[in-house]
Student: 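Sharing a structure below in structure tokens format, with a few things to ask.
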Amino acid sequence: MAKAPVLTPQAEDFPRWYQDVLNKAELADNGPVRGTMVIRPYGYGLWERMQAEMDLRIKACGAENAYFPLFIPESYLKREADHVEGFSPELAVVTHGGGKELEEPIVVRPTSETVIGEYMGKWIQSYRDLPLLLNAWGNVVRWELRPRLFLRTTEFLWQEGHTAHATREDAAAYAARILEDAYRAFMVDILAMPVLVGIKPSYDRFAGAINTLACEGMMRDGKALQMGTSHELGQNFAKAFDIQYLDADSKQQLCWTTSWGSSTRMVGGLIMCHGDDRGLRVPPRLAHIQVVVLVIRDEDGAGGVAEGIHDELVRAGVRSRLDDRVDTAFGRRSTDWELKGVPIRLEIGPRDVADGQAVLVRRDTGEKTPVPLTEIATTVPRLLEQIQADLLAEATTMRDERTTDVDSVEGVLEAASTGFARVPWPVVAGEQAAARLGTKAVTVRCIQREDGSVPDDEDEDGLYAICARSY
RNA sequence: CGGGGAGUGGCGCAGCCCGGUAGCGCACCUGCUUUGGGAGCAGGGGGUCGCAGGUUCGAAUCCUGUCUCCCCGACCA
């Protein structure tokens, strides 16, 4: 009799599989207030690694970290018409403080364009102060009607970047640079997710933006997930918050600003892009535990050998964890690490000690190979890189196989039931076409050039729309 | 807000129709035996059955009210 599967199989019920993974891999729990999320240590470890890698790339693009307040005066939101209209439905508003009703309600930030705009206005005097490149790590609150852990929660963690530039060209170039050098590079190189990039249709722009760029990843059920966005805000916020500078000719000029964000949603994307029926599969470059050295039974010195291997790996720069909890059955422990998606397991028991080897198990393929103890410190780092590359290749193949070129709305609907549809943009550009897509929950995810690059605007000739169902 | 469902140990559920003061699986604790893929056996701890009224000798079960949560649709990183 086969044992019941640890997780609901993906093919049977994908959302349930996702829930099962969150629970069994100890990633997150629902918080006490609807829509809130408790991120457990293993899940937070994934986020911390994402933060570290993203932070490097953001700083490499020249931005500096700063912090802005959680509380925003309601009046700030109202200064930019589109912005307040877009965010009003999802605001949490504080009306009481210190036991008294407040004179002016305070909004819990849904995003920080307004406060940061206010301070940019104060800090920027001359063209010598530009560009001003800021980034903030924090939490934001957007009241969600249908929350899902990591993918859409009322409170979530993210980074939001805000920049001010002297010219429109400079702002546009920076928004594009962040999308490419920070977001896309991170998602492809670290998360092993082959995201598509493009611009959003004008009706789907960020509230207050003149252009929105985005990265879209494909999940294993064929749905799309937006994983990072970068906005050109034009001079909308500069006008609303008086962000001006004196140019070299001593003339007052309005700044051009941008904003860009990536959130804990990426954790959900990671799970749904690489996870299989045995659990999570964490790409090695991201994994905060890359290798677990598992003592099968502590007999004939197996425990000591395992500890030695673990130490050797740590010295070789591998993020290794020793599992010597021999009071728990071996099968249980290996299943648990598999659920958590640790890329490599090294299993060491008495038989291995006798043979001078360890059994190396790849999480991505399940393949088991005996490796001489003397070769582990050189084999493992190489294999970690191989697994990283293989996961990216697998995800890329999946995406390509499930992306269909079509040339009609009917074709889009057909293709989007199982994956992405790539269609000439004019076919779905109209309001009417969008409405027809909407009946099957299909949306235009992004608009790109034929070669997959990011267009300047949606009016260029020869553009394609990527359409899909989405999270 | 429209449509559907559910509230019973930490989690998942049964019991309700035919009232008699609570049960199962998983998890947890102790002991022994185990440990090369989710251990076995024995013992044990833990629930005023969402809340408030009512009916009754007696309510998880029947009646009324109320609250909450989940699923499907419209907004969103």
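The sequence lines fix the lettering, A, B, ..., with proteins before strands; numbering per chain opens at 1. Computed from a predicted structure; not experimentally measured.
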Student: If you measure from the P atom in U48(B) to the same atom in C1(B), how many Å do you get, rounded?
Tutor: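 To the nearest whole Å, 33 Å.
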
Student: With a 6.0 Å cut-off on ring centres, are His83(A) and Phe206(A) close enough?
Tutor: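 His83(A) vs Phe206(A): aromatic centres under 6.0 Å.
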
Student: Of all the nucleotides listed (G36(B), C76(B), C72(B)), which has the minimum atom distance to the side chain of Arg146(A)?
Tutor: C72(B)

Student: Check if the side chain of Arg345(A) and the base of G37(B) share a donor-acceptor pair of N or O atoms closer than 3.5 Å.
Tutor: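 Counting by modelled atom types and ignoring angles, a donor-acceptor contact under 3.5 Å is found here.
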
Student: Are Glu64(A) and Lys59(A) packed together at the side-chain level, in the sense that at least one heavy-atom pair is separated by less than 4.5 angstrom?
Tutor: no

Student: Taking the minimum atom-to-atom distance to the side chain of Val359(A), which one of G36(B), C76(B), G37(B) wins?
Tutor: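 Nearest nucleotide to the side chain: G36(B).
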
Student: Got a donor-acceptor pair under 3.5 Å from the side chain of Lys368(A) to the base of G36(B)?
Tutor: no

Student: C41(B) pairs with which nucleotide, Watson-Crick or G-U wobble, both distances below 3.5 Å?
Tutor: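 In the structure as shown, C41(B) has G31(B) as its Watson-Crick or wobble partner.
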
Student: In terms of relative ring orientation, are Trp158(A) and Phe156(A) parallel, tilted or perpendicular, with 30° and 60° separating the classes?
Tutor: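 Plane angle over 60°, so perpendicular.
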
Student: Quick one: which of A77(B), G36(B), A74(B) gets closest to the side chain of Arg152(A)?
Tutor: A77(B)

Student: I want to verify a distance call: between G37(B), C76(B), G36(B), whose nearest atom is closest to the Arg142(A) side chain?
Tutor: C76(B)

Student: Write down the distance separating the P atoms in G7(B) and C26(B), rounded off to the nearest Å.
Tutor: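 22 Å, rounded to whole Å.
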
Student: Do Asp13(A) and Thr8(A) get their side chains close enough for a donor-acceptor pair, meaning under 3.5 Å?
Tutor: no

Student: Any idea which of U35(B), A27(B), G73(B) is nearest the Arg332(A) side chain?
Tutor: A27(B)

Student: Which nucleotide wins on minimum distance to the side chain of Arg265(A), given the candidates A74(B), G36(B), A77(B)?
Tutor: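 From the listed options, A77(B) comes nearest.
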
Student: Is the aromatic ring of Trp158(A) within stacking range of A77(B), meaning centres under 5.5 angstrom and planes under 30 degrees?
Tutor: no

